[in-house]
Chemist: 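Shown below is the structure under consideration.
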Amino acid sequence: DVVLTQTPPTLSATIGQSVSISCRSSQSLLHSNGNTYLHWLLQRPGQSPQLLIYLVSRLESGVPNRFSGSGSGTDFTLKISGVEAEDLGVYYCVQGTHAPPWTFGGGTKLELK
Amino acid sequence: EVQILETGGGLVKPGGSLRLSCATSGFNFNDYFMNWVRQAPGKGLEWVAQIRNKNYNYATYYAESLEGRVTISRDDSKSSVYLQVSSLRAEDTAIYYCTRKWYFDYWGQGVMVTVSS
């Protein structure tokens, strides 16, 4: 199975600061059809996960454009340009290129400094 | 508005069985793949099962850790998906989420399953 390694496990930020989260895959996530099935989710405290970005860089409808995704192959990054209080929670990357199974990263907890 | 609501959780003894239900509305259920994802207390997310739509012959896929103990099914007439879990173990204790599509775009609020004697 594909292993996704997220770093850092915990991230402390101030409001307005820009931060990045890394997701590294044990195998290339480029599918033979040309798509890369790497997505990002946010789980706020006490809530269900919500989709932020799919297919590496496509912003889900309704998600603020301070969120952006980039990367290719085995290395991917989620960037938040100007953290807001509502962004606190745990971020997960998930891959579908080598599914089943769909596998999730271990999560990165974003907290206030 | 897309709505997803899981029910059927609770306290179950080890070795017992449970059937989780996921009722949906606000979208054409027939068109979508549906998944179950679980989260053990204080832990990360784990994909459990997927069922595809009629166009894909309702194909099903399962996490290896649960294969043989879980069955996912759907009733398009009720816009609902189900997860039958048997031979429950303490490590199956988790919140079970129902989530839509191949990239998990909508999630329910989850249902707690506790396996304990």
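Just so it is clear: chains get the letters A, B, ... in the order the sequence lines come, proteins before strands, and each one is counted from 1.
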Chemist: Say you draw a straight line from CD of A/Gln95 to CH2 of B/Trp47; how long is it, rounded to the nearest 0.5 Å?
Modeler: 10.5 Å
Chemist: Counting neighbours of NZ on A/Lys109 that are heavy atoms of other residues, nucleotides or ligands and sit closer than 6.0 Å, is the number greater than 12?
Modeler: no
Chemist: Can B/Phe104 be reached from B/Ile4 by stepping across I, L, V, M, F, W or Y side chains whose heavy atoms are under 4.5 Å apart?
Modeler: no
Chemist: Does CZ belonging to A/Arg24 count more than 12 external heavy atoms closer than 6.0 Å?
Modeler: no
Chemist: Evaluate side chain to side chain contact (heavy atoms under 4.5 Å, CB included) for B/Tyr103 paired with A/Leu51, printing each intermediate quantity in order.
Modeler: CA-CA 8 Å; B/Tyr103 56 82; A/Leu51 179 69; 3.3 Å; yes
Chemist: Restricting to non-hydrogen atoms, name the atom on B/Gln39 and the atom on A/Tyr92 that form the minimum distance, rounded to 0.1 Å.
Modeler: NE2-OH, 3.4 Å
Chemist: So do the side chains of B/Trp107 and A/Leu41 get within less than 4.5 Å of each other, counting heavy atoms only?
Modeler: yes
Chemist: Checking B/Val37 against chain A: side chain, backbone, both or neither under 4.5 Å from a heavy atom?
Modeler: side chain
Chemist: Under a 4.5 Å heavy-atom cut-off, does chain B meet the side chain of A/Gln47, its backbone, both or neither?
Modeler: backbone
Chemist: Hey, any chance B/Tyr82 and B/Val70 share a hydrophobic cluster, counting ILVMFWY side chains that come within less than 4.5 Å of each other, even indirectly?
Modeler: no
Chemist: Test of understanding: clusters of I, L, V, M, F, W, Y form through side-chain heavy atoms closer than 4.5 Å, transitively. Do A/Leu59 and A/Tyr91 belong to the same one?
Modeler: yes
Chemist: Can you tell me which portion of A/Leu52 sits under 4.5 Å from chain B's heavy atoms? Options are side chain, backbone, both or neither.
Modeler: neither
Chemist: So do A/Ser48 and B/Tyr97 actually touch side chain to side chain, heavy atoms under 4.5 Å?
Modeler: yes
Chemist: If Ile, Leu, Val, Met, Phe, Trp and Tyr residues are connected whenever their side-chain heavy atoms lie under 4.5 Å apart, and connections chain through other members, are A/Ile15 and A/Leu42 in the same group?
Modeler: yes
Chemist: Would you find more than 12 non-hydrogen atoms of other residues, nucleotides or ligands less than 6.0 Å from A/Asn65 atom CG?
Modeler: no
Chemist: What orientation do B/Trp102 and A/Tyr37 show, parallel under 30°, tilted 30 to 60°, or perpendicular over 60°?
Modeler: perpendicular
Chemist: Classify the ring geometry of B/Tyr61 against A/Trp102: parallel below 30°, tilted from 30° to 60°, perpendicular beyond 60°.
Modeler: perpendicular
Chemist: Rounded to the nearest 0.5 Å, how far does CD of B/Glu64 lie from CG of A/Asp1?
Modeler: 6.5 Å
Chemist: Can you find a heavy atom in the side chain of B/Asp105 that is under 4.5 Å from one in the side chain of A/Tyr54?
Modeler: no
Chemist: Decide whether B/Ile95 and B/Leu88 are clustered together by the hydrophobic rule: side chain heavy atoms of Ile, Leu, Val, Met, Phe, Trp, Tyr closer than 4.5 Å, transitively.
Modeler: no
Chemist: For residues A/Phe104 and B/Leu45, report the shortest heavy-atom separation together with the two atoms involved.
Modeler: CD1-O, 3.5 Å
